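In what follows, a single structure is set out as structure tokens and then discussed.
The residues of the chain are indexed from 1 along the displayed sequence. Not measured: the values here are computed from a predicted model. Heavy-atom basis, side chains included; hydrogens, waters and symmetry copies ignored.
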Amino acid sequence: VCPYPMTSCTLHQIREALRPKIATWGGIPAVALVESTMDQNEFNVYLDEVFRKLGTGAGLIFGVSDAVAPDSDISRFDIIKRKIDEFGSV
């Protein structure tokens with residue numbers, strides 16, 4: 001799935017609508033990886049909000065919801081990985 005800001009629904013809203021029987025794949029909008037569309041502070045705030053509203057994380061396969069752009073900041077994957085590690089297993 002491709003969530004806000006690329007669409008009108010947040011990952012939380014999408015997961016709430018699909019629960020409990022449908023898994024969600026995606027959740028990281030491609031624009032979140034590009035500094036010119038989401039600066040570092042906005043990216044950190046966005047990720048904090050996603051993880052704050054994630055619930056148990058059951059049924060979620062995190063991934064980029066669209067193609068990774070050539071000007072993506074690849075170091076942001078490290079930040080996403082750290083957040084996932086901090087969240088722990090589901």
Test Leu11 against Tyr4 for side-chain contact (heavy atoms from CB on, under 4.5 Å), laying out the working first.
CA-CA 7 Å; Leu11 180 59; Tyr4 176 86; over 6 Å; no
Which other residues end up in the same hydrophobic cluster as Val34, if Ile, Leu, Val, Met, Phe, Trp and Tyr are linked when side-chain heavy atoms come under 4.5 Å apart?
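Members besides Val34: none; it forms no cluster.
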With hydrophobic residues grouped by side-chain heavy-atom distances under 4.5 Å, do [X] and [Y] end up in a single group?
X     : Y     : answer
Ile79 : Ile84 : yes
Ile61 : Val64 : no
Leu18 : Val50 : yes
Leu33 : Val45 : no

Treating Ser65 as the side-chain partner and Ile28 as the backbone partner, does any N or O pair qualify as donor plus acceptor under 3.5 Å?
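Side chain of Ser65 to backbone of Ile28: a pair is present.
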Flag the pair Pro5 / Met38 as yes when at least one side-chain heavy-atom distance between them is below 4.5 Å, and no otherwise.
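Yes - at least one pair of side-chain heavy atoms lies under 4.5 Å apart.
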Is there a side-chain contact between Cys9 and Ile14 in this structure, where contact means two heavy atoms from C-beta onward sitting under 4.5 Å apart?
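They are in contact (side-chain heavy atoms under 4.5 Å apart), so the answer is yes.
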Would you mind listing every side-chain hydrogen bond (donor to acceptor under 3.5 Å, both in side chains) that reaches into residues 23-39, with sequence neighbours excluded?
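As it turns out, the side-chain hydrogen bond (donor to acceptor under 3.5 Å, both in side chains) pairs with a partner in residues 23-39, which skip direct neighbours, are Glu35-Arg76.
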Which pairs, with at least one residue in residues 43-54 and sequence neighbours excluded, count as a side-chain hydrogen bond (donor to acceptor under 3.5 Å, both in side chains)?
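For residues 43-54: Gln40-Asn44, Asp48-Lys83, Glu49-Arg52, Glu49-Lys53.
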With sequence neighbours excluded, residues passing ring-ring contact (aromatic ring centres under 6.0 Å, His included) with Phe62:
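Scan of Phe62 (ring-ring contact (aromatic ring centres under 6.0 Å, His included), adjacent residues dropped) gives Phe51.
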Provide the closest heavy-atom pair for Met6 versus Ala30 in the form atom of the first, atom of the second, distance.
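Minimum heavy-atom separation between Met6 and Ala30: SD-N, 3.5 Å.
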Identify the heavy atoms of Arg15 and Leu54 that sit nearest to each other, and give their distance.
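Residues Arg15 and Leu54, closest heavy atoms: NH2-O, 3.7 Å.
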Arg82: what forms a salt bridge (charged side-chain N to carboxylate O under 4.0 Å, His left out) with it, not counting sequence neighbours?
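Result, salt bridge (charged side-chain N to carboxylate O under 4.0 Å, His left out) vs Arg82: none returned.
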Just to verify, what does Ala58 make a side-chain contact (heavy atoms from CB on, under 4.5 Å) with, not counting sequence neighbours?
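Checked Ala58 against side-chain contact (heavy atoms from CB on, under 4.5 Å); matches are Thr56.
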